[in-house]
Amino acid sequence: MSDKQKNFQVEKPGITVKKQEDFSEWYTQVVLKAELADYSSGKGFIVIRPNGYEIWENVKNFFDAEIKKTGHRNAYFPTLIPESLLKKEAEHFAGFVPEVFWVTKAGNNELSEPFAVRPTSETIIHDAMKRWIRSWRDLPLLLNVWNSVLRAEIKSTKPFIRTTEFLWQEGHTAHSSEQEAEKEVSEILDLYKRVAEELLAVPVLIGKKSDKEKFVGAVYTTTLESIMPDGRALQMGTSHHLGQNFSRPFEIRFLGEDGEMHYVWHTSWGISWRTLGALIMTHGDDKGLILPPTVAPVQLVIVPIVFSESSKANEVLSKCQEIKSQLQSSGFRVSLDSRENYTPGWKFNEWEMKGIPLRIEVGPRDISNKSVILVRRDSGKKESVPLEGLSQAVLTLLEEIQRSLWEKAKKLLEDKTKNASTFSELSEILDRDSGFVSTYWCGSRECEDQIKDKTGADIRVIPFGQPSDMSGLNCVLCNSKAKFFVYFAKAY
RNA sequence: GGGGUCGUGGUGUAGCUUGGUCAACAUACUUGCCUUGGGCGCAAGUGAUCGUCGGUCCGAAUCCGACCGACCCCA
């Protein structure tokens, strides 16, 4: 068949490529066709549609509730940051300036001082903290912000994964001791790990970033890294120890219990809608999206099977309504698809593409059996379940789906993680399978840069819990004494 | 940073080489009938200044230039 003839073939409205065969195209189609997001005007800008936004809301609600338990409070800070503030921490400024948008005009008038559109809010928040912190009794100051930030992406944007503007939360805390700040950094990282693994069912590696990859202005950065089916790593969130790198230029000091003035210790941390990209890539299949029940805006969809000639249409529909209310009162997020202009088959395909974890089919046959058909999105497995005890059966199935997605993703991570002891091994694995490659590194920036140049991979994470004895182990590139056990990968 | 592909109703495309008679096909959408346990069918309709701006020409979706945007590969 020629290409021209092919173009005239009727295309079904579902996903037209296989995940295995054309991963990028598959991803784009899932995002657009499941109506998670759409492109907008302007480079790298996207619209998050309700199907996508509600997933984000579920992530947000979980995280928000958890940080409030530990005393964090939400606040809001301006979108625009005066240039002079952004410049206060030199390294931070230098790191961000290539991707900052500037506002230079107000109406027709040139501004005397340009405003940066926030790429992150450390500077404007620290500027305020300076006014709020007087004594050790004002600490810790635990703030969180839900907002969007803008970073000019020169090349290769991808919905959710890399966009010009993105939604996230940024936490900013000030502490009276370094130890307390470091504890905060680590507790937040643990919470992020729970978001990734418990909510999104995406397993992660955690640890520190190398100095090259750390947040500009931080003492160190801790990170969560996941691996996608195409073998590329995706950073799911970061938690930074800022030390006194900001409190000194911003002069944020407090009078301690000891009667002396001290600079505060800062942390900052963020997790963005990028995690939704990881969710899509990790769990989806050739039919489209698969949502973990924990974050699915709709966990179950009820599809009535109605025959007009059977004159049982009303009976079926009212039974569906009844089941819907029953499941809703049990706390499930349920939708009833009673559209008359689509056939059941059409609806099955549509809801599968949109990733709804569980489908309930109710037809005349089921009503006379006092049962319904439950169909799992992840496995496609169908079973007939008695109406009596339906809620319990649904709960069990949703939990099984969540667990099964998790286990599959866990296996993906294991399959995509390999070990290399020589550079040629490292290079070969990265060429062939990509994925995480664990190996040893001397700690020098030069080796790190060279490996990046030669393979395209960088150090994604220096895991916590380094081997206690590295004697006899050598750097994968320069062969000098190893200092760190690390994971390399090509990254999004 | 380097290279490449692409932009035509909501969606997917044809037409472009050789400028006019070319804006077409499928699908979606609307209305009516009919159907409904895995993407039903029939009929009649709606819908496009051919990405934007400029140039060449009697005449531009088609040729030229710039810009905007999307995608892919490599680093």
Side-chain angles (χ1 to χ4, degrees), chain A residues 1-17 21-35 37-47 49 98-99 152-159 161-164 230-232 286-288 301-314 316-317 319-320 337-354 359-369 371-377 380-384 427 430-431 434 449-458 490-492:
Chain A
M1 186 190 309
S2 78
D3 279 354
K4 276 190 184 178
Q5 283 170 316
K6 222 189 243 172
N7 290 334
F8 280 106
Q9 294 299 301
V10 175
E11 221 175 55
K12 287 192 174 174
I15 309 300
T16 59
V17 295
E21 287 167 11
D22 190 348
F23 187 68
S24 281
E25 171 67 17
W26 173 87
Y27 177 78
T28 306
Q29 284 196 14
V30 171
V31 167
L32 296 177
K33 293 186 176 182
E35 297 175 356
D38 197 3
Y39 294 102
S40 187
S41 302
K43 182 172 171 49
F45 284 99
I46 59 171
V47 181
R49 304 180 66 177
E99 48 191 29
E153 293 294 343
I154 312 301
K155 285 202 82 162
S156 74
T157 60
K158 201 183 242 333
I161 302 295
R162 171 162 289 131
T163 50
T164 302
D230 64 348
R232 291 168 80 182
D286 290 346
K287 289 179 167 179
V301 62
I302 303 171
V303 179
I305 312 295
V306 179
F307 293 88
S308 56
E309 74 268 21
S310 75
S311 78
K312 288 187 171 172
N314 287 337
V316 168
L317 279 172
K319 184 48 95 179
C320 287
D337 187 353
S338 55
R339 291 176 297 177
E340 288 171 3
N341 52 337
Y342 290 98
T343 61
W346 178 277
K347 293 174 183 178
F348 298 165
N349 283 288
E350 181 178 347
W351 294 114
E352 279 165 1
M353 186 173 72
K354 290 184 173 172
R359 178 174 82 235
I360 305 187
E361 300 174 21
V362 183
R365 216 151 64 202
D366 308 295
I367 291 178
S368 47
N369 293 340
S371 65
V372 295
I373 305 284
L374 293 185
V375 187
R376 287 172 63 155
R377 170 62 180 91
K381 209 178 128 216
K382 284 190 185 195
E383 58 181 299
S384 182
S427 173
L430 287 169
D431 265 1
S434 208
D449 284 342
Q450 274 194 40
I451 293 171
K452 170 81 176 173
D453 274 356
K454 289 176 178 169
T455 66
D458 43 38
K490 296 178 186 173
Y492 272 102

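Reckoned from all heavy atoms, side chains included, excluding hydrogens, waters and symmetry mates. Letters A, B, ... mirror the listed sequences (proteins, then strands); counts begin at 1.
- The base of B/rG38 lies close enough to the side chain of A/E352 for a donor and an acceptor atom to sit less than 3.5 Å apart.
- Rounded to whole Å, the C1' atom of B/rG7 lies 14 Å from the corresponding atom of B/rC16.
- Comparing B/rC22 with B/rU62, their C1' atoms are spaced 11 Å from each other, to the whole Å.
- B/rG45 sits 23 Å from B/rU13 when the C1' atoms are compared, rounded to a whole Å.
- Only the C1' atoms considered, B/rG9 is 22 Å distant from B/rC71, to the nearest whole Å.
- In this entry the distance linking NZ of A/K347 with C1' of B/rU35 reads 13 Å, nearest Å.
- Across B/rU36, B/rG38, B/rC40, the shortest atom-to-atom separation from the side chain of A/P344 is found for B/rU36.
- A/I373 places its CD1 atom 18 Å from the P atom of B/rU36, with the value rounded to the nearest Å.
- With B/rG39, B/rC73, B/rG37 as the choices, the nucleotide that has an atom nearest any side-chain atom of A/E350 turns out to be B/rG39.
- Counting any heavy atom pair closer than 4.0 Å across all strands shown, A/G363 reaches a base atom.
- Nucleic acid contact for A/G380: none, since no nucleic acid atom lies under 4.0 Å from a heavy atom of the residue.
- Distance alone, capped at 3.5 Å, is enough to place a donor-acceptor pair between the A/S368 side chain and the A/P364 backbone.
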Fill in: Verdict with supporting geometry, A/I46 and A/S40, side-chain contact (heavy atoms from CB on, under 4.5 Å)
CA-CA 5 Å; A/I46 59 171; A/S40 187; 5.7 Å; no

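- The phosphate of B/rC68 (OP1 or OP2) has no side-chain N or O of A/K43 nearer than 4.0 angstrom.
- Looking at heavy-atom distances under 4.0 Å, A/T157 makes contact with sugar-phosphate atoms alone, never a base.
- Residue contacts shown for A/K490 are absent, as no nucleic acid heavy atom lies under 4.0 Å away.
- The phosphate of B/rG39 has neither OP1 nor OP2 within less than 4.0 Å of any side-chain N or O from A/T343.
- With both ends at atom C1', the span from B/rG12 to B/rU49 equals 22 Å, rounded to whole Å.
- If you measure from atom OH of A/Y342 to atom P of B/rA28, you get 8 Å, rounded to the nearest angstrom.
- Distance check on atom C1': B/rG47 versus B/rG20 gives 26 Å, rounded to whole Å.
- Taking atom CG of A/D449 as the reference point, atom C1' of B/rG1 lies 15 Å away to the nearest angstrom.
- With a 3.5 Å ceiling on both atom-pair distances, the Watson-Crick or G-U wobble partner of B/rU31 is B/rA43.
- When rounded to the nearest whole Å, the span between CD of A/E383 and P of B/rG37 equals 22 Å.
- The CD1-P distance, from A/I302 to B/rG37, rounds to 18 Å in whole Å.
- Using a 4.0 Å heavy-atom cutoff across all strands shown, A/D366 reaches at least one base atom of the nucleic acid.
- The base-pairing partner of B/rU5, taking Watson-Crick or G-U wobble contacts with both distances under 3.5 Å, is B/rA70.
- Nucleotides B/rU35 and B/rU52, compared at atom P, are 46 Å apart to the nearest Å.
- By the 6.0 Å and 45° rule, A/R162 does not stack over the aromatic ring of A/Y492.
- B/rC63 and B/rA14 have their P atoms separated by 15 Å, given to the nearest Å.
- In terms of position along RNA chain B, the nucleotide closest to A/F348 lies nearer the 5' end than the nucleotide closest to the other residue of the pair A/F348 and A/E25.
- Contact annotation: A/S24 side-chain N/O to B/rC72 OP1/OP2 distance is under 4.0 Å.
- Between A/M353 atom CE and B/rA28 atom P there is a gap of 14 Å when expressed in whole angstrom units.
- Residue A/R339 is classed as having no contact, given no heavy-atom separation below 4.0 Å to the nucleic acid.
- A salt bridge links A/E350 to A/R339: one of the charged nitrogens lies within less than 4.0 Å of a carboxylate oxygen.
- Salt bridge absent: A/E35 and A/K33 never bring a charged side-chain N and a carboxylate O closer than 4.0 Å.
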Discussion item. Please determine whether side-chain contact (heavy atoms from CB on, under 4.5 Å) holds for the pair A/T163 and A/T157, giving the CA-CA distance in whole Å, both sets of side-chain angles, and the decisive distance to 0.1 Å.
Written reply: CA-CA 6 Å; A/T163 50; A/T157 60; 5.6 Å; no

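- Of all nucleotides listed (B/rA70, B/rC72, B/rC40), B/rC72 comes nearest to the side chain of A/K158.
- Atom CZ of A/F23 and atom P of B/rC73 are 11 Å apart (whole Å).
- The pair A/R376-A/E383 does not count as a salt bridge, with every side-chain nitrogen at least 4.0 angstrom from each carboxylate oxygen.
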